[in-house]
Amino acid sequence: MEKKRRIVIALGGNALQSKDSAPTAEAQLEVVRKTCEHIAEISRRGYEMAIVHGNGPQVGIINNAMGALQKEDPHQGFTPLSVCGAMSQAYIGYDLQNAFREELLDRGICNIPVCTI
């Protein structure tokens, strides 16, 4: 049995945003979907991979939104930056996982597990 080649694909937080559109969740998801087309092709070629990502711009947006919410409603309380970071990590991982899995299925590849850690 041939051993699969393993690689790590690192995506910076800025790489997940389009320079041609506003930094919205919808625009980012479109970039993620296009990125996963390329990642699925790498997978099809026999690579086993780990995909890691940054979250700089995303955590900043969430932190600003939480600060604005607290100003609007002081009862909401303060949200630590570490919690904003966890939020951004979770949703980026979720979007990457779903987009990658969908792209694999579109290519008829059903035997490769995809998960977010």
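Here the structure is a predicted model, which means the values were calculated and not measured.
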Can you name the closest pair of heavy atoms from [X] and [Y] and give their distance?
X	Y	value
Ser88	Asn55	OG-ND2, 2.6 Å
Leu16	Gly54	CD1-O, 4.4 Å
Leu105	Cys110	CD2-SG, 4.0 Å

Enter the distance from [X]:[atom1] to [Y]:[atom2] here, rounded to the nearest 0.5 Å.
X	Y	atom1	atom2	answer
Ile51	Ser43	CD1	OG	8.5 Å
Ile112	Phe100	CD1	CZ	6.0 Å
Asn63	Cys84	CG	SG	4.5 Å
Gln89	Ile117	CD	CD1	13.5 Å
Leu11	Ile92	CG	CD1	9.5 Å
Ile7	Arg45	CD1	CZ	10.5 Å

Test: Arg107 and Glu41 ion pair at under 4.0 Å: yes

Donor-acceptor contact present, side-chain Gln76 to main-chain Leu69, <3.5 Å: no

Side chain to side chain donor-acceptor pair (under 3.5 Å) evaluation trace for Gln58 with Gln28: CA-CA 10 Å; Gln58 296 84 354; Gln28 180 172 299; 2.8 Å; yes

